[in-house]
Structure formats: C-alpha cells, structure tokens
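Here the structure is laid out as structure tokens; the discussion comes afterwards.
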Protein chains: 2
Amino acid sequence: MRAEALKGHLDGLLLAALEERPRHGYAVKEALRDTTEGRIDLPTGTIYPALHRLERAGLIAGSWSVVGGRRRRSYELTAAGRTALSRERTGWQEFAIAITAALGTRPWPATS
Amino acid sequence: MRAEALKGHLDGLLLAALEERPRHGYAVKEALRDTTEGRIDLPTGTIYPALHRLERAGLIAGSWSVVGGRRRRSYELTAAGRTALSRERTGWQEFAIAITAALGTRPWPATS
DNA sequence: CCCTATAGGTAGCAACGCAACCTATAGGAG
DNA sequence: CTCCTATAGGTTGCGTTGCTACCTATAGGG
C-alpha cells in the first residue's frame, strides 16, 4: 500500500481498534494487522504520534499501568471518540462511493 | 469531504477522467464532478498542479490548442499512464478492502 | 459596463504518515 | 553468561500533497 494512501483515514482505524475494548498502542498495531489479515501493518512511528494526537483531541483517554515489568499506556474511547468513530465510518462510506465512481470501477467486491 | 482524505488518490481520479478521451484541465474538473454527482468538485488549485505533476511523470501528454479564442491544454493518457491507471484501480480495491475491514463496517454497499 | 462562466496558472501553508533512530524489559537459544 | 527477539514506549525531521488565496484573460449575457 502506497504511503500517502492512508492520509486522513488513520484516525478512524485507531478509533475502531479501540471500540471493542481498551488497548495499549502495541496492541492497537496488532489488532489492525489481525483484522486486515496483514494488509495494514503500521510502523510504531505512525501509531504512537497518532494516538497522542487523538488523546490531545479528547477522542481517547490514556492511563499508565505496569504489566510483567513493562509499562503500558492503555487507551479507551471517550464519548467524543465514539461520536468521531461514527462520523469516520459514514465519512468513509461516502468517500469510498465517490472514489469508486470516479475510478469507474465496479462497486466492489465486483461480484459478477 | 475532509481535505486530507483525498491524499494519494487524486492521481488515479485524474487518470480515470482522461481514460475515455483526452480532456483539458477544466473539463477534467467537470468530468469528476459529473461522474461523482458533485461529491468530488476539486478547486483548480488542486487540478492544475496535479496535471503538471502527472505530465512530468510521463503519465499524461499535454498539447496546446485554441478554441473559441481561449487557449486550452489538452491531456491524453500515455501508455505508462494506462498502466498506472490500472495499478491505481487495483490499489484502490485493496485499500478499500483493508480500510473497510479495519473500520469493521459491512462490506458495502451494505446490500442486506 | 459589469458579471459570470470558462480557461489557465502560481505561491505558500498546514497536515500527515513514515523512516530512522533511541531506550528498556522478559525470555529463550546458544 | 551472552545474545537475540518480541514486546512496549517514544522522538525528530523529511517529503509529499492538496488546498487556500490570489492572479490573468476571453466570450457572452444582463
């Protein structure tokens, strides 16, 4: 996947990874890798700054803990975060429809 | 549509708009607006620099003409441009599948 | 005479994701 | 005992990109 393709869509992915339950940064990385069958495997230099950004924006709330001698920062969605996630989802749907139309491809997954 | 969402996907849209037949910049803008029912209506400050970029990259070839007293620069896809368009299309499919999976939304267009 | 649509363009900015790099612990391999 | 890997956190700086704001020019209608 080309590098720039993700721009503007990363926040939604991170919020979605935190929807089910709180996770620490590394677990978010793994969750994204697993749910996308390895298609989205983000470097930590992408994950951590993005989580800081989301926390500053009040969409997620972080807390430190220590598990097995390693310090962890767990994040959970705030109310604003859930609202934002929902907005990201509808935004993605509209975006995907528009790009698909402009590219002139079948609506996907091209069953036929 | 949020500004950053388009990053990395614009080139494919422009190439697709030129696939059927050559168009000048303004016509590309209109073509995108029409095929997406107004969802993608790009400012000229986005269109023209992007076309220059694609021309520098050898994906499109431009030529000047004068129609009705107005000068026009028409662009057509090069062979490399057609290859690139095909790459953009498969890239988009994979990207859309990955993001949709990560967001945990229905495969879309959610027929059911 | 002015305004709008058409047609081209440029300069500079802000945001973003990434590469590259750094620290530290637990546990297994040798 | 030592080294390597996986886990877990982080930062700095860069390149790319699309957009805003602005500029020029013509044709045609009010």
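A, B, ... follow the sequence lines: proteins, then strands. Residue 1 opens every chain. This one's a predicted model, so the numbers in the text were calculated from it and none came from an experiment.
- Spacing between atom CG of B/L6 and atom C1' of C/dC16 amounts to 14 Å, rounded to whole angstrom units.
- At least one donor-acceptor pair closer than 3.5 Å links the side chain of B/T90 to the backbone N or O of B/R87.
- Although no hydrogens or angles enter the test, the distance criterion places no donor-acceptor pair under 3.5 Å between the side chain of B/R23 and the main chain of B/S74.
- Whole-Å rounding puts the A/R53 CZ to D/dT11 C1' distance at 15 Å.
- Taken to the nearest 0.5 Å, the CG atom of A/L59 stands 6.0 Å off from the CG atom of A/L15.
- In this structure, B/R56 atom CZ and D/dT16 atom C1' are separated by 12 Å, rounded to whole Å.
- Remark: P of D/dG9 and CG of A/L51 are 9 Å apart, rounded to the nearest angstrom.
- Note: NE2 (A/H9) to P (C/dC18) measures 12 Å, nearest angstrom.
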Please encode protein proximity along nucleotides 8-15 of chain C as a string of B, S and -, counting only heavy-atom distances under 4.0 Å. BBB----B

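- Contact of the B/F95 side chain with the A/H9 side chain is registered, since non-hydrogen atoms from C-beta on lie closer than 4.5 Å.
- Counting only distance, with no hydrogens or angles, the side chain of A/R72 and the backbone of A/V67 share no donor-acceptor pair below 3.5 Å.
- Atom CG in B/D11 sits about 7 Å away from atom P in D/dT17, given to the nearest Å.
- Atoms CG (A/L42) and C1' (D/dG10) sit 16 Å apart, rounded to a whole Å.
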Taking it one step at a time, do A/R89 and A/E19 satisfy salt bridge (charged side-chain N to carboxylate O under 4.0 Å, His left out)? CA-CA 12 Å; A/R89 284 201 172 114; A/E19 187 183 30; 2.9 Å; yes

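- For the pair B/E30 CD and C/dT4 C1', the computed distance is 14 Å after rounding to whole Å.
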